[in-house]
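Below, all heavy atoms of this structure are taken into account, side chains as well, without hydrogens, waters or symmetry copies. If you're wondering where the values come from, they're calculated on a predicted model, not measured in any experiment.
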Amino acid sequence: MNKTIEELHELLKNKTITSQELIKESLKKSHEVNEKYNAFVTILDDAKETPITDNLLSGIPFGIKDNYSTKDILSTGSSNTLKNYVPFFNATAVEKLLNAGAVPVNKTVLDEFGMGGTGTTGHTGVVKNPWDPKRMTAGSSAGSACAVAAGVYPYALGSDTGDSIRKPAAYCGIVGYKPTYGMISRYGLFPFASSLDHCGVLTRSVKDAAIVVDNMKGLDEKDMTTWDSSPINLFQSITGDIKGKKLCYIKELCDINYYPDPSNELKEHLKNFREKLENFKSLGIEIESVSVDQNLLNALPSVYVAISCVEATSNMSNLTGIIFGPRGKGKNVTEMMMDHRTTGFSPLIKRRFIIGSYILQKENQERYFKNACRVRRLLVNTWKKLFEKYDAVILPVGSGPAKYLDEEKETLSKDTQVLEEHLQIGNFGGFPSITIPDGFINNLPVALNITGNCYDDANILNIAYALESSMDYKNQIAKEVE
């Protein structure tokens with residue numbers, strides 16, 4: 001399954017292959033990948049072929065992150081609190097793909113309810129990186145990234161609350177696209193933090209991301225945050241002509257001199273990024289350095305924690321084990337709810353709920369929550385100001401390739417925290433944001449990110465496509481390092 005959606009569609013239309021053959025291959029690969037990397041909660045061995053139509057997605061297998069509601073199919077959110085939950089309806093995004101003739105073949109593992117960036121907290125265990133099983137995929141769309149990178153199918157659904165599509169894509173050497181907030185309906189997506197949650201997709205090429213989102217997007221009466229994107233055709237808007245476009249990068253994040261004790265991986269990553277910027281200028285674009293207040297940047301991680309934990313605490317108050325999910329033990333309803341939540345959630349989730357509950361206390365709201373919202377607005381306004389002059393902000397993703405699962409080998413530093421977490425600004429502002437691979441360090445993929453203004457998705461994807469076309473990392477399949 002190492003072909004693009006367009007290539008597969010052409011083979012299906014010409015009857016060189018059949019949908020059933022693709023499904024059979026994808027299911028076989030699913031079991032192999034699950035055995036090695038633990039990417040799936042459920043594999044749909046009874047998946048059926050669909051008629052081949054003019055829709056590019058018809059008859060082609062794909063994966064669904066397990067926090068999307070799927071009718072009559074186990075949908076756990078990778079949590080023990082929903083380990084037996086089978087919904088009676090499809091998420092709108094899923095329903096649209098089914099109507100397009102796409103064929104789901106598995107549900108992918110995530111960090112529990114999307115609350116994590118490592119791919120290690122799902123109730124079925126750790127997701128391993130197909131480039132190097134000793135390293136993480138990042139999260140929370142860990143299984144989706146792993147599966148697409150391993151060649152199980154050309155695309156899988158993800159969700160992104162802080163970087164949960166774009167960081168796993170970077171670690172796995174693929175494309176991760178989070179559209180403008182509300183372009184894709186969130187109805188049927190298990191909510192984490194409603195003002196930050198985005199539906200999106202992981203693919204191995206920019207054009208494939210455009211094709212999938214064209215089929216997922218649109219107004220939905222069940223989600224009041226959706227907007228009319230019908231005049232936008234992402235796939236047809238891709239020309240590769242970006243002459244005259246202006247991009248900028250943040251000096252405080254990209255200059256090695258801002259890091260007191262940089263690792264070799266960080267040095268190489270930033271060097272690779274700067275070299276790529278020079279190469280991109282040959283495409284007829286301008287790329288300039290801009291400066292952003294370091295104090296404002298440094299506040300980013302804390303603002304994200306405060307807002308996301310508050311919204312998660314509120315959204316997940318319905319997970320009591322009474323309405324749905326396995327019942328807890330106890331002599332009364334209160335004891336049953338307490339047992340369900342105590343034994344059902346992982347330690348990470350419980351910590352986030354405690355933080356959220358603390359911040360929501362009346363005496364703490366002004367100091368923590370409201371101040372976090374104010375700083376969020378300052379960050380969004382700063383980026384909005386950049387978009388008045390520039391088409392996009394281009395930045396490296398993280399401080400290097402995928403991190404080790406073994407914490408003793410971990411090289412993360414507090415000095416690189418903002419570099420690791422700057423993608424959260426795309427969620428703060430609801431901006432369209434896409435990650436594409438831009439090289440290798442120690443035979444492991446690294447990536448860059450392009451983020452633009454709201455509703456400018458077609459422009460952002462076209463820029464990403466042009467940059468992708470100038471490099472040699474499109475549609476790559478993971479190869480384990482020796």
ask   = Within the side chain of N38, is there an N or O that forms a donor-acceptor pair under 3.5 Å with the backbone of V126?
value = yes

request  = With rounding to the nearest 0.5 Å, note down the distance linking CG in L247 to CD1 in I463.
outcome  = 5.0 Å

ask   = Can you check whether S78 reaches D111 side chain to side chain, under 4.5 Å on heavy atoms?
value = no

S205 vs N475, side-chain hydrogen bond (donor to acceptor under 3.5 Å, both in side chains): CA-CA, chis, key distance, verdict = CA-CA 6 Å; S205 74; N475 208 35; 5.8 Å; no

request  = Salt-bridge test for E468 and R204: reply yes if a basic N is under 4.0 Å from a carboxylate O, no otherwise.
outcome  = no

request  = Return the orientation label for the H340 and F345 ring planes: parallel under 30°, perpendicular over 60°, tilted otherwise.
outcome  = perpendicular

query = Are more than 12 heavy atoms from other residues, nucleotides or ligands located less than 6.0 Å from atom CD of Q361?
reply = yes

inquiry  = Looking only at side-chain N and O atoms, does S433 offer a donor or acceptor that is under 3.5 Å from a partner on N449?
reply    = yes

message = Whether the N381 and R377 side chains hold a donor-acceptor pair (N or O, under 3.5 Å, no angle test) is what I'd like checked.
response = yes

request  = Salt-bridge test for D339 and R327: reply yes if a basic N is under 4.0 Å from a carboxylate O, no otherwise.
outcome  = no

ask   = If we ignore angles and hydrogens, is there a donor and acceptor under 3.5 Å between the side chains of K107 and T70?
value = yes

ask   = Would a 4.5 Å heavy-atom cut-off, applied to side chains only, mark H123 and V41 as touching?
value = yes

ask   = Is there side-chain contact between I285 and L467, with at least one heavy-atom pair below 4.5 Å?
value = yes

query = Given side chains that start at C-beta, do those of E6 and I211 come closer than 4.5 Å, heavy atoms only?
reply = yes

ask   = Do D438 side-chain atoms and A447 backbone N/O form a donor-acceptor pair below 3.5 Å?
value = yes

key: Distance-only polar pair, side chains of D457 and Y177, donor-acceptor under 3.5 Å   = yes

task = Say whether, by atom type as modelled, one donor and one acceptor occur between the side chain of D197 and the main chain of A193 under 3.5 angstrom.
result = yes

task = Would you sort out whether E112 and T121 count as a side-chain hydrogen bond (donor to acceptor under 3.5 Å, both in side chains), showing the intermediate values?
result = CA-CA 6 Å; E112 187 175 8; T121 66; 5.5 Å; no

key: Rounded distance [0.5 Å steps], SG in C454 versus CZ in F387   = 8.0 Å

N/O donor-acceptor pair under 3.5 Å between K96 side chain and K217 backbone = yes

key: Side chain Y465, main chain D241, donor-acceptor under 3.5 Å   = no

query = Sub-3.5 Å donor-acceptor pair from the side chain of N106 to the main-chain atoms of L44, do we have one?
reply = no

task = Examine distances only and state if a side-chain atom of S75 and a backbone atom of I73 form a donor-acceptor pair shorter than 3.5 Å.
result = yes

message = Could you check whether atom NZ of K28 has more than 12 heavy atoms from other residues, nucleotides or ligands sitting under 6.0 Å from it?
response = no

ask   = Crowded around K329 NZ? As in, over 12 foreign heavy atoms under 6.0 Å?
value = no

request  = Test side-chain contact (heavy atoms from CB on, under 4.5 Å) on N67 and L189 and set out the steps.
outcome  = CA-CA 6 Å; N67 59 345; L189 176 74; 3.6 Å; yes

ask   = Could you walk me through whether N14 and T16 pass the side-chain hydrogen bond (donor to acceptor under 3.5 Å, both in side chains) check?
value = CA-CA 5 Å; N14 293 337; T16 305; 4.9 Å; no

remark   = D163 and G139 have their tightest heavy-atom pair at OD1-O, 3.8 Å

Pairwise distance OG(S237) to CD1(I460) - rounded to 0.5 angstrom = 12.5 Å

message = So for atom CE, which belongs to M336, do other residues, nucleotides or ligands contribute more than 12 heavy atoms lying within a distance under 6.0 Å?
response = yes

key: Smallest separation among heavy atoms of S185 and D220, with atom names   = OG-OD2, 2.6 Å

request  = Nearest 0.5 Å please: distance from the CG atom of L395 over to the SG atom of C248.
outcome  = 7.5 Å

request  = Would you confirm whether the ring centroid of F428 sits within less than 6.0 angstrom of the ring centroid of W383?
outcome  = no

inquiry  = Measuring only between side-chain heavy atoms, which start at C-beta, is L448 closer than 4.5 Å to I436?
reply    = yes

ask   = Going by atom types only, do N453 and D456 share a side-chain donor-acceptor pair under 3.5 Å?
value = no

ask   = Okay, side chain of T50, backbone of G59: is any donor-acceptor separation there less than 3.5 Å?
value = yes

Worked verdict on D223 versus T92 for side-chain contact (heavy atoms from CB on, under 4.5 Å) = CA-CA 9 Å; D223 179 357; T92 296; over 6 Å; no

key: Reported CZ-to-OG distance for the pair F88 and S69, which is rounded to 0.5 angstrom   = 7.5 Å

key: L423 backbone acceptor or donor facing R166 side chain under 3.5 Å   = yes

ask   = Does K128 NZ have over 12 foreign heavy atoms under 6.0 Å away?
value = no

task = May I ask you to check whether Y153 and F62 place their ring centers less than 6.0 Å from one another?
result = no

key: Pair K65, S140: side-chain N/O donor-acceptor within cut-off below 3.5 Å   = yes

inquiry  = Could you tell me if N427 and K178 have a donor-acceptor pair between their side chains, going purely by distance under 3.5 Å?
reply    = no

D208-T203 side chain donor-acceptor pair, cut-off 3.5 Å = no

ask   = Using the benzene-type ring in the case of Trp, are the ring centres of Y187 and F89 under 6.0 Å apart?
value = yes

inquiry  = Would you call the rings of F190 and F113 parallel, tilted or perpendicular, taking 30° and 60° as the class edges?
reply    = tilted

Within 6.0 Å of CG in N332, more than 12 heavy atoms from elsewhere = yes

task = For side-chain hydrogen bond (donor to acceptor under 3.5 Å, both in side chains), just list the numbers for R374 and N371, CA-CA rounded to whole Å, side-chain angles, deciding distance to a tenth of an Å, and then say yes or no.
result = CA-CA 5 Å; R374 293 178 184 115; N371 274 337; 2.7 Å; yes

query = Are K385 and E388 within salt-bridge range, i.e. N to O under 4.0 Å?
reply = yes

ask   = Under 30°, 30 to 60°, or over 60°: which ring-plane class applies to Y181 and H198, parallel, tilted or perpendicular?
value = perpendicular

key: Side-chain donor-acceptor pair present, N315, S194, cut-off under 3.5 Å   = yes

key: Donor-acceptor pair, side chain of S314 and main chain of E311, under 3.5 angstrom   = no

